[in-house]
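Residues take their numbers from the sequence shown, with the count starting at 1. Because only heavy atoms are used, hydrogens play no part in the values below, and waters and symmetry mates are left out as well, while side chains stay in.
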Amino acid sequence: MPDYGCDRLLMDTDQKLDRLDQKLEILTDQVGRLTEGLVEFRLDLREMKEVMRQQSEVLQRQSETLDRQSEKMDRQSEMMRQNHEAFMAEMKQIREVSQQQADTTARLVKIVDQLLSKE
C-alpha cells in the first residue's frame, strides 16, 4: 500500500497540534496571571479608595476644628480690644483725677502760702 505522505502529514499535523497546545497553555497561563493582576489591582484600588475616604473625613474634622479655633480667636481678639479700650478709658479718667488733685493741691499750697505770708 502506497504511503502518499500520509504518515508524514500526520506527523506534521501532530507536531503542529502539540505546538498549538503549548501556545494555548502559555496563553492560558498569561490570561490567568493577567486576571490575578486585575484582581489585585481592584483590591488595591478599593484600599486606596478607603484610605482616601478616611483621609477626607480626617481633613473635614481638622477643617471644622480650625474653624472653631478661628472663631474662638476672633472672640478673644474682640475681648482684648474691648479690655484695651476699657483700660485706656480708665487711664484717661485716672489722669484727669490726678490732674484735678494736682490742681487742688497747687491751690491749697497757694492758700497756705498766702496765709503764712499774712502772719
Quiz prompt | Value rounded to 0.5 Å, distance of CD in Gln76 from CD in Gln69 | solution = 10.5 Å

Quiz item: Quick one: does Ser63's side chain have a donor or acceptor within less than 3.5 Å of a partner on Leu59's backbone?
Solution: no

Quiz item: Are side-chain heavy atoms of Leu24 and Leu20 found at a separation under 4.5 Å?
Solution: no

Quiz item: With no hydrogens and no angle check, is any side-chain donor or acceptor of Ser77 less than 3.5 Å from a backbone partner on Met73?
Solution: no

Quiz prompt | Sub-4.5 Å side-chain heavy-atom contact between Gln55 and Val58 | solution = no

Practice problem: Report the residue from Gln101, Gln99, Gln100 that forms a side chain to side chain contact (heavy atoms under 4.5 Å, CB included) with Asp103. | Solution: Gln99

Practice problem: Give, for atom OG1 of Thr28 and atom CG of Asp21, the distance between the pair rounded to the nearest 0.5 Å. | Solution: 10.0 Å

Exercise. Would you give the length of the straight line joining atom CE of Met80 to atom CG of Asn83, rounded to the nearest 0.5 angstrom?
Key: 8.0 Å

Quiz prompt | CD-CG distance between Gln62 and Leu66, expressed to the nearest 0.5 angstrom | solution = 7.0 Å

Quiz prompt | Glu78/Arg81 salt bridge by N-O under 4.0 Å criterion | solution = yes

Which donor-acceptor pairs under 3.5 Å do the side chains of residues 37-44 make with protein atoms, sequence neighbours left out?
none

Anything under 3.5 Å between a donor and an acceptor, one on a side chain of residues 86-97, the other on a protein residue two or more places apart or in another chain? List them.
none

Exercise. For the pair Arg53 and Glu50, find out whether any cationic side-chain nitrogen is under 4.0 Å from an anionic carboxylate oxygen.
Key: yes

